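The structure under discussion appears below in the form of structure tokens.
Values below: all heavy atoms of this structure, side chains included; hydrogens, waters and symmetry mates excluded. Every chain is numbered from 1 and lettered A, B, ... according to where its sequence line falls, protein lines coming before strand lines. Quick caveat, the model's predicted, so the values are computed rather than measured.
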There are 2 protein chains.
Amino acid sequence: MSLAMNGKRQHKEHLYILFAQVASALANPHRLELLDLLVQSPRTVDDLAQESHMTVANTSQHLQRLKQANLVADARDGLYVRYQLADPAVARLWLDLRSVGEKQLAEVERALDAYRDHRHEFATVAPEELPILLQRDEITLLDVRPRLEYQSGHIPGAVSIPVDELEFHLDEIPRDKTVVAYCRGPYCVYADQALDLLSGQGWKVARLEEGVAEWQQAGYDLEK
Amino acid sequence: MSLAMNGKRQHKEHLYILFAQVASALANPHRLELLDLLVQSPRTVDDLAQESHMTVANTSQHLQRLKQANLVADARDGLYVRYQLADPAVARLWLDLRSVGEKQLAEVERALDAYRDHRHEFATVAPEELPILLQRDEITLLDVRPRLEYQSGHIPGAVSIPVDELEFHLDEIPRDKTVVAYCRGPYCVYADQALDLLSGQGWKVARLEEGVAEWQQAGYDLEK
DNA sequence: CAAGTATTCAATGGATTACTTGAATTATAG
DNA sequence: CTATAATTCAAGTAATCCATTGAATACTTG
């Protein structure tokens with residue numbers, strides 16, 4: 001009996017070790033940034049290296065580490081290797097980690113406030129209000145992420161104008177409706193930049209609370 | 001503009017660093033075991049040390065580490081200090097980590113199979129079947145965890161008989177109904193031990209899939 | 001207040017692991 | 001065969017982490 005229990009105990013310990021390895025793959029800021037990008041859409045190593053300001057070699061090695069923990073998967077696409085989340089559960093895990101961190105670290109709260117200063121200038125719209133507003137045709141819903149991310153999945157009814165092209169496409173935006181902008185998530189500044197520009201030009205503007213990943217996680221569908 | 005962006009970028013990096021710290025608090029098998037125990041019920045340092053087979057000093061230090069990441073909280077209770085999860089979101093995080101690990105590491109699957117050998121001897125009951133079976137009075141639902149954990153929250157309708165007292169309380173169990181046993185979760189062996197004993201004595205038995213934490217996470221209530 | 005118990009602290013030693021970079025290598029498309 | 005993308009390798013530095021120990025602190029009970 002005690003032998004059997006020891007056997008069980010060893011298996012149990014083995015499992016904890018494996019789960020700890022997954023956690024330790026998450027325990028690096030660069031890798032979390034990579035994951036955060038991959039939640040938005042699959043990307044090549046080169047893309048990821050640029051967006052995260054790392055060398056390609058370094059990016060590649062961090063990706064290997066994530067792959068080893070089965071958090072991401074890779075697929076060759078011509079000259080490029082395209083990385084993506086290995087499973088939707090990974091997105092959930094990342095959102096949970098973030099929400100635990102946000103909720104509980106007072107330190108984060110302060111950092112977040114500093115980071116969000118800008119945001120509080122704008123009114124916000126809750127996800128559950130969106131369908132109603134769209135149906136009544138009272139707003140223009142604007143996805144200001146890079147077009148690649150829009151294509152890989154966006155909120156139904158949204159129009160894609162990446163933030164850096166926005167100033168050249170102002171004439172496409174109805175002047176009589178409020179513009180509701182969104183981007184990746186709570187730490188994404190694209191929407192704030194866009195709303196800055198638009199409100200300076202006289203539009204009524206608001207920001208969608210949260211972003212695409214949270215929208216999806218809340219059980220709403222994305223459009224492709 | 002580029003200055004502003006740098007500022008933003010720094011804040012963003014700071015956040016990733018903080019989240020990585022939470023992850024690294026999770027990146028140790030002993031701490032995960034402690035968390036797993038705390039998901040069941042609050043416990044004293046001494047309890048935790050015994051159950052995880054560590055020295056008290058070592059246990060205490062791991063708990064400090066978890067506390068620093070705001071994953072657990074402590075409260076003095078007479079002579080003892082009682083630790084508990086800092087927030088229900090922590091339970092969710094742990095379950096997600098586990099499910100990502102299980103789903104994705106082939107290695108875990110194998111370890112799990114070895115660990116579960118025993119279990120496959122018994123029929124299982126899915127959580128959603130439970131209410132019906134209980135209402136029809138077709139089963140006896142048995143919580144075989146230590147009484148402390150039962151008291152801190154159990155599935156409605158369950159009877160508490162800790163596994164090590166079971167042999168002395170056989171006469172309390174109706175012989176004409178199937179016994180459905182459950183314990184902490186998928187890695188807990190108490191239920192298997194109990195069913196071993198009972199089926200040897202002629203009872204019809206089955207095991208509840210999963211355990212208390214998963215039950216609660218699935219949105220069902222616990223009784224106190 | 002004194003004794004006893006529970007918990008934490010501080011310091012050690014040692015091992016281990018982690019991260020980054022630049023150069024060499026592999027893989028693919030044209 | 002050449003150019004580009006990605007991975008691997010080697011190397012070095014840094015950093016972290018962990019278990020143990022013995023002592024100190026905090027608390028409760030009598």
Side-chain angles (χ1 to χ4, degrees), chain A residues 9 13-14 16-35 37-38 41-84 86 148, chain B residues 13-14 16-35 37-38 42-84 86 148:
Chain A
R9 177 143 191 96
E13 272 163 9
H14 188 209
Y16 287 128
I17 290 172
L18 287 167
F19 297 145
Q21 282 166 357
V22 176
S24 103
L26 293 172
N28 174 285
H30 290 307
R31 284 195 291 273
L32 288 183
E33 181 168 10
L34 292 176
L35 265 191
L37 289 167
L38 291 175
S41 77
R43 286 172 156 80
T44 67
V45 179
D46 210 54
D47 287 345
L48 289 167
Q50 279 182 30
E51 302 208 50
S52 62
H53 299 97
M54 290 191 286
T55 64
V56 172
N58 201 11
T59 304
S60 172
Q61 302 204 145
H62 279 301
L63 287 169
Q64 301 306 313
R65 183 87 194 269
L66 289 171
K67 189 169 113 185
Q68 240 188 326
N70 269 293
L71 291 164
V72 305
D74 60 345
R76 192 163 265 277
D77 179 11
L79 258 187
Y80 298 85
V81 172
R82 197 169 299 280
Y83 277 85
Q84 58 182 296
L148 187 88
Chain B
E13 272 163 9
H14 188 211
Y16 287 127
I17 290 172
L18 288 167
F19 297 144
Q21 282 166 356
V22 176
S24 103
L26 293 172
N28 174 283
H30 290 306
R31 286 196 290 272
L32 289 183
E33 183 169 8
L34 293 177
L35 265 191
L37 289 167
L38 291 175
R43 276 168 226 266
T44 67
V45 179
D46 208 54
D47 287 345
L48 289 167
Q50 278 183 29
E51 303 208 51
S52 64
H53 298 96
M54 289 193 287
T55 65
V56 170
N58 199 12
T59 305
S60 172
Q61 300 202 152
H62 279 302
L63 288 168
Q64 301 304 313
R65 184 88 195 270
L66 289 171
K67 189 170 113 184
Q68 239 188 327
N70 269 295
L71 290 165
V72 305
D74 60 346
R76 191 162 266 275
D77 177 11
L79 261 186
Y80 299 84
V81 172
R82 196 170 297 280
Y83 278 84
Q84 58 183 293
L148 189 90

Taking the side chain of [X] as heavy atoms from C-beta outward, which of [options] is closest to it?
X	options	value
B/Arg65	D/dT7, D/dC18, C/dA6	D/dC18
A/Ser60	C/dT7, D/dA6, D/dT7	D/dT7
A/Asp46	C/dA18, D/dA6, C/dT7	D/dA6
B/Ala57	C/dT8, C/dT7, C/dG22	C/dT8
A/Arg31	C/dC19, D/dG22, C/dT21	C/dC19

Just the rounded figure in Å: distance from [atom2] of [N] to [atom1] of [X].
X	N	atom1	atom2	value
B/Ile17	C/dA18	CD1	P	18 Å
B/Asn58	C/dT7	CG	P	15 Å
B/Leu79	C/dT8	CG	C1'	15 Å
A/His30	C/dT20	NE2	C1'	9 Å
B/Leu66	D/dC18	CG	P	11 Å
B/Gln64	C/dA6	CD	P	17 Å
A/Leu48	D/dA6	CG	P	9 Å
B/Arg82	D/dT28	CZ	P	13 Å

Are [X] and [Y] side-chain neighbours, meaning at least one heavy-atom pair lies under 4.5 Å?
X	Y	result
B/Glu33	B/Met54	no
B/Val81	B/Thr44	no
A/Leu63	A/Asp74	no
A/Gln21	A/Ile17	yes
A/His62	A/Asn28	yes

Can you tell me if [X] touches the phosphate of [N], counting only side-chain N or O atoms and a distance under 4.0 Å to OP1 or OP2?
X	N	result
B/Tyr80	D/dA26	no
B/Ser24	D/dC17	yes
B/Gln61	D/dC18	no
B/Asn28	D/dC17	no
B/Tyr83	C/dA6	no

Closest-nucleotide 5' rank along DNA chain C - winner of B/Arg76 and A/His62: B/Arg76
Sugar-phosphate only, base, or nothing, as touched by A/Thr55 at under 4.0 Å among non-hydrogen atoms: sugar-phosphate
Sugar-phosphate only, base, or nothing, as touched by A/Val81 at under 4.0 Å among non-hydrogen atoms: sugar-phosphate
Verdict with reasoning, B/Ser24 to B/Arg65, per side-chain hydrogen bond (donor to acceptor under 3.5 Å, both in side chains): CA-CA 10 Å; B/Ser24 103; B/Arg65 184 88 195 270; 3.0 Å; yes
